[in-house]
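Data first, discussion second: the structure below is written as structure tokens.
For clarity, every value in this text was computed on a predicted model and none was experimentally measured. Hydrogens, waters and symmetry mates are skipped; everything else that's a heavy atom, side chains included, is used.
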Amino acid sequence: MTQRTTQTANPVTPGRGRGRRPASEVRADVLRAVEELLWSEGSTAVTYESVARQAGVSKTTLYKWWPSKGALALDGYFHAVKATLAFHDTGDIRADLIDQLQHFAHITTATPAGRILTELVGQSQTDDELAVAYRARYSAERRRLAVERMRRAQKAGQIRSEIDLQVLVDQLWGAVYHRLLIPDEPITDEFITALVNNVLDGVGPRASDRNKSRPHAVPAVHSS
């Protein structure tokens with residue numbers, strides 16, 4: 001893999017020291033370097049040393065911004081998938097949930113992202129900094145976007161007002177994570193569609209079905 005080299009002849013910019021790059025540019029280089037390492041070699045390849053070398057930054061900069069190499073890997077992962085997992089709003093909550101979950105399913109089954117995510121979830125069990133970062137930088141943000149979209153659906157009358165949206169997120173995404181972490185069944189488009197339909201429609205019998213299943217009353221026989 002071609003490695004980036006540190007720029008040694010940056011133009012002098014007023015307000016910054018000679019050769020000093022803006023923080024946003026340095027951060028972008030770091031996240032790109034982490035993404036390349038993750039996709040080519042996996043989360044174990046992400047170390048302060050490898051990222052510093054790849055991005056052309058000092059390890060001190062990485063230590064300042066990321067408390068652990070796991071948190072650094074997670075930030076690179078989130079940066080890589082953020083655009084793909086954007087939550088669209090077409091006005092149809094069923095279609096938008098299916099679309100978003102199918103995109104999530106695709107990147108976790110057809111790209112290295114699934115392997116990377118399971119590695120990060122596993123590492124978070126023993127890496128406290130990564131566990132905190134996972135909640136703050138990834139899962140909380142994904143949950144917030146989903147709840148915001150569902151809340152708009154509630155206001156539009158597509159989800160009942162008394163439904164707990166946090167629980168709804170757990171029902172939908174939790175089912176996908178279950179198949180990702182315990183791969184006894186595949187994550188397919190058909191699975192996603194059935195999942196969303198089951199949750200939105202409910203799994204109990206419809207009123208019309210309940211009426212059909214009730215035994216017909218037997219007319220009473222009156223003696224003359």
Side-chain angles (χ1 to χ4, degrees), residues 74 77-78 81-125 131-222:
L74 177 68
Y77 172 83
F78 181 62
V81 302
K82 185 176 182 180
T84 304
L85 294 182
F87 216 125
H88 300 132
D89 186 348
T90 66
D92 182 343
I93 186 59
R94 188 185 302 265
D96 292 342
L97 285 172
I98 291 173
D99 176 75
Q100 209 284 333
L101 285 164
Q102 284 183 345
H103 275 90
F104 179 53
H106 174 77
I107 67 169
T108 56
T109 58
T111 78
R115 170 177 52 81
I116 295 164
L117 183 57
T118 56
E119 288 174 354
L120 292 172
V121 170
Q123 292 171 24
S124 70
Q125 307 308 304
V132 170
Y134 186 88
R135 290 190 294 270
R137 300 181 187 181
Y138 182 71
S139 62
E141 176 66 7
R142 302 305 312 158
R143 182 179 289 270
R144 180 186 67 80
L145 292 172
V147 168
E148 284 182 356
R149 176 64 190 92
M150 292 176 180
R151 187 167 290 119
R152 292 195 295 273
Q154 271 187 326
K155 292 179 179 178
Q158 296 178 343
I159 297 175
R160 297 200 310 273
S161 59
E162 72 272 16
I163 295 299
D164 187 323
L165 299 181
Q166 297 286 351
V167 174
L168 190 55
V169 169
D170 291 331
Q171 288 177 283
L172 290 167
W173 276 265
V176 181
Y177 273 102
H178 177 78
R179 289 200 175 194
L180 178 64
L181 296 172
I182 307 175
D184 56 346
E185 292 291 339
I187 305 174
T188 63
D189 287 350
E190 292 75 18
F191 161 69
I192 296 298
T193 301
L195 172 65
V196 173
N197 287 338
N198 283 355
V199 170
L200 293 187
D201 295 339
V203 296
R206 298 180 179 87
S208 59
D209 295 332
R210 287 197 298 268
N211 292 334
K212 292 177 182 177
S213 65
R214 289 174 182 169
H216 296 291
V218 178
V221 177
H222 301 282

message = Tell me whether R142 contacts the main-chain N or O of W173 through its side chain, where contact means a donor paired with an acceptor under 3.5 Å.
response = no

key: Q100 side-chain N/O to H88 backbone N/O, donor-acceptor pair under 3.5 Å   = no

ask   = Can you name the closest pair of heavy atoms from S124 and A131 and give their distance?
value = O-CB, 3.5 Å

note = CG (D170) and OH (Y177) are apart, to the nearest 0.5 Å, by 11.0 Å

message = With a 3.5 Å distance limit and no angle check, can you tell me whether T118 reaches the backbone of R115 through a side-chain donor-acceptor pair?
response = yes

task = Take R135 and V132 through the test side-chain contact (heavy atoms from CB on, under 4.5 Å) and record every step on the way to the result.
result = CA-CA 5 Å; R135 290 190 294 270; V132 170; 3.7 Å; yes

ask   = With a 4.5 Å heavy-atom cut-off, do L168 and I159 have their side chains touching?
value = yes

ask   = At their closest point, which heavy atom of D96 faces which heavy atom of G91, and how far apart are they?
value = OD2-N, 3.8 Å

query = Does any non-hydrogen side-chain atom of L117 lie less than 4.5 Å from one of I107?
reply = no

Over all atoms of both residues, closest heavy-atom pair of I187 and L180 = CD1-N, 3.8 Å

key: Spacing of CG belonging to D164 relative to CE belonging to M150, to within rounding of 0.5 Å   = 11.0 Å

key: Min side-chain heavy-atom separation T193-Q102 under 4.5 Å   = yes

message = Distance check, rounded to the nearest 0.5 Å: L101 atom CG versus T108 atom OG1?
response = 10.0 Å

request  = Kindly assign one of parallel, tilted or perpendicular to the pair Y138 and Y77, based on the angle between their ring planes and the thresholds 30° and 60°.
outcome  = perpendicular

note = When rounded to the nearest 0.5 Å, the distance separating CG of L181 from CG of D184 is 11.5 Å

request  = Using atom types as modelled and distance alone, determine if a side-chain donor or acceptor of Q154 lies under 3.5 Å from a backbone N or O of I163.
outcome  = yes

Short N-O contact, E141 and R137, less than 4.0 angstrom = no

query = Would R94 and D201 satisfy side-chain contact (heavy atoms from CB on, under 4.5 Å), going step by step from the backbone distance to the final call?
reply = CA-CA 10 Å; R94 188 185 302 265; D201 295 339; 2.9 Å; yes

Side-chain heavy atoms of R179 within contact of F191, under 4.5 Å = yes

key: CD1-CG distance between I192 and L97, expressed to the nearest 0.5 angstrom   = 10.5 Å

key: Side-chain donor/acceptor of Q158 to backbone N/O of R152, under 3.5 Å   = no

task = Give, for atom OG1 of T90 and atom CG of D99, the distance between the pair rounded to the nearest 0.5 Å.
result = 8.0 Å

